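Every number for a ligand or one of its atoms is a count from 1 in the order of the listing. In this text, all values refer to a predicted model and were calculated from it rather than measured experimentally.
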Amino acid sequence: MCGIVGAVAQREVSAILLEGLRRLEYRGYDSAGMAVISESTELNCLRRVGKVAALGEALDHHPLTGRTGIAHTRWATHGVPAEKNAHPHLSEDIALVHNGIIENHAELRERLTAKGYEFLSDTDTETIVHLIHSYYEQHRDLLNCVKLAISDLEGAYGLAVIHASQPDRLVCARKGSPLVIGVGIGENFIASDQLALRQVTDRFVYLEEGDVAEVTAGHYRIWDENNEPVSRELAIIDAKAESADKGEYRHFMLKEIYEQPSVIRRSLAGRLGSKTVLAEALGARANEILSQVENVQIVACGTSYHAGMVAKYWIEGIAGVPCRVEVASEFRYRKFKVHNNTLLVTISQSGETADTLAALRLAKTLGYSATMTICNVALSSLVRESDLFLMTEAGPEIGVASTKAFTTQLVALLLLTVALGRHHDLKAEQEQEIVAALHKLPQLITETLGLDSAIQQMSNAFAEKHHALFLGRGAQWPVAMEGALKLKEISYIHAESYPAGELKHGPLALIDADMPVIAVAPNDELLEKLKSNLEEVRARGGQLFVFADKNSGFSSANAVEILELPHTEDVIAPIVYTIPLQLLSYHVAILKGTDVDQPRNLAKSVTVE
Ligand code: G6P
């Protein structure tokens, strides 16, 4: 989704801005642009449809020189991907980049058109830049004009603005869309994600909702939503903890799949004793809060929602606590009753997903007893606004299709299940079994990754197909859902998932030789039932691919391909069985020649509704 980078320095900034955009590419976008104020105080701007590399080539031919600038990657919302709709948008000497959606843009456009402003794009963003310009005519001060303009805006924004006649500063503001100031020595930066600035600094100041900031090379000043000057904490982020390059791997996604044993180890470190989950694993206040919890409501989107679906089986089946799970975009607009002592849990890789954040903010007004987030990004909005947080230690996830973030979310949710279960149905022996299984998990995943070449072989059967069906039962059903999502996200093959017992209620009608059926079959209590379901597929000429426990008694036969996984305890099976499905979708995507890390039309972090 859209990305912002800005710089005020005592050196040329265009290469810094371009590198920042490159680092934001993983978020998904369809055009890119940059505006820089030259030494002779001219505002120069370049925009290109397509990749940041296309903007880079344009810059080679028309360099933008200067020490203050802003840049943007745009993911189209209002107006198709086109140069005229790409950011920055200009109003004479003012340039602006914007993330988010302005809801009253039509009314503002009308007001500004009546004043004589000519619109060159179809975007909501262009109204903001003309609005600032209209105030500048009277007030001649960029900071105050931005403050005046944002008071007219309805909707969400993270924005950055520069003015050619004030070449030593930029002004930025946030409401509903994240912004961070990167603090340098004699130079300062801003971005929508600190990852964009890791090449220039490790010191960050996160703006809060409603903040406006003025940034120059030597200082930055921040005002809160009441226009009071405020100081915000400076965070130093350890560069070694994060690495955002592909290393020896062909794609980020593959690297991230292979990182799973080590990031799961990291997620467990300091949280798991030899027989118990450590009391401090979920933070100092966790015990007091969890002891009151009688119900759990999980809210999330996409892959994180699937993690929540797995957790429902654990929280109800192991902890004995009623648990509901809902996608955030539905939850936030639905009427329902909140039961007493319900813990609201959000799950999010980015911590900035607009619907999940809105759901959290709504929940705070609805009488939930406490809020908790399971999140991968420190200091993200969800982390800052929740009572409790449990960080997944996946490190930056760059591939749009989530892999290691999902499995570390599952690990965190299992820790939560144990911590909750202690106040309910969980027995000490059960906790010991879960802890023992978690200790084995990284090694089991390493062994499962050893099946990579067999899975690559298997992927040949999918490359020419247009549809696929994923089946699982119990906690493996959400694993099948996640498998289907991975395949559709990166290979563009239509994939659906079903709890296998539902086959005969509709999907059986689809079965023929052109519909590969993938089943996840650990050796659990539903195995025999699953086998019967798979016979129903085989009897109708379907082609079956089964990921099965080596003790599950499946054997390859005509139209049945079995791939044996190491034996796994039931409780962690959803985590282990996710791995082959990730590898399968990766290899199918490679055969189809798609853009694995940045699939078409998708964004890594969806910060608009
Ligand atoms: C986007 C991403 C998905 C992700 C979902 C939720 O759709 O492409 O990979 O699962 O957003 O994101 P979150 O950051 O909240 O987990």
With a cut-off of 3.5 Å and sequence neighbours excluded, list every side-chain donor-acceptor pair involving residues 573-581.
residue : atom : partner : partner atom : Å
Y577    : OH   : D549    : N            : 3.0
T578    : OG1  : P574    : O            : 2.6

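Tested against M372 for a side chain to side chain contact (heavy atoms under 4.5 Å, CB included), the candidates I347, D387, L416 yield a single pass: L416.
For F204, the side-chain contact (heavy atoms from CB on, under 4.5 Å) partners are V180, Q194, L197, R198, T201, Y206, I237, not counting sequence neighbours.
By the 4.5 Å heavy-atom criterion applied to side chains, K592 and I493 are counted as neighbours.
Pairs passing the ring pair (Phe, Tyr, Trp, His ring centres under 6.0 Å) check and including a residue from residues 578-609, sequence neighbours excluded, read H251-Y586.
The aromatic rings of H72 and H87 sit parallel to each other, their planes meeting at less than 30°, with 60° as the upper class boundary.
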N or O contacts of ligand 1 with protein under 3.5 Å, please list pair by pair.
residue  : atom   : partner : partner atom : Å
ligand 1 : 8 (O)  : A603    : O            : 2.8
ligand 1 : 9 (O)  : V400    : O            : 3.2
ligand 1 : 10 (O) : T303    : N            : 3.0
ligand 1 : 12 (O) : T353    : OG1          : 3.3
ligand 1 : 14 (O) : S348    : OG           : 3.3
ligand 1 : 14 (O) : Q349    : N            : 3.4
ligand 1 : 14 (O) : S350    : N            : 2.8
ligand 1 : 14 (O) : S350    : OG           : 2.7
ligand 1 : 14 (O) : T353    : OG1          : 3.3
ligand 1 : 15 (O) : S348    : OG           : 2.6
ligand 1 : 15 (O) : T353    : OG1          : 2.5
ligand 1 : 16 (O) : S304    : OG           : 2.6
ligand 1 : 16 (O) : Q349    : N            : 2.7

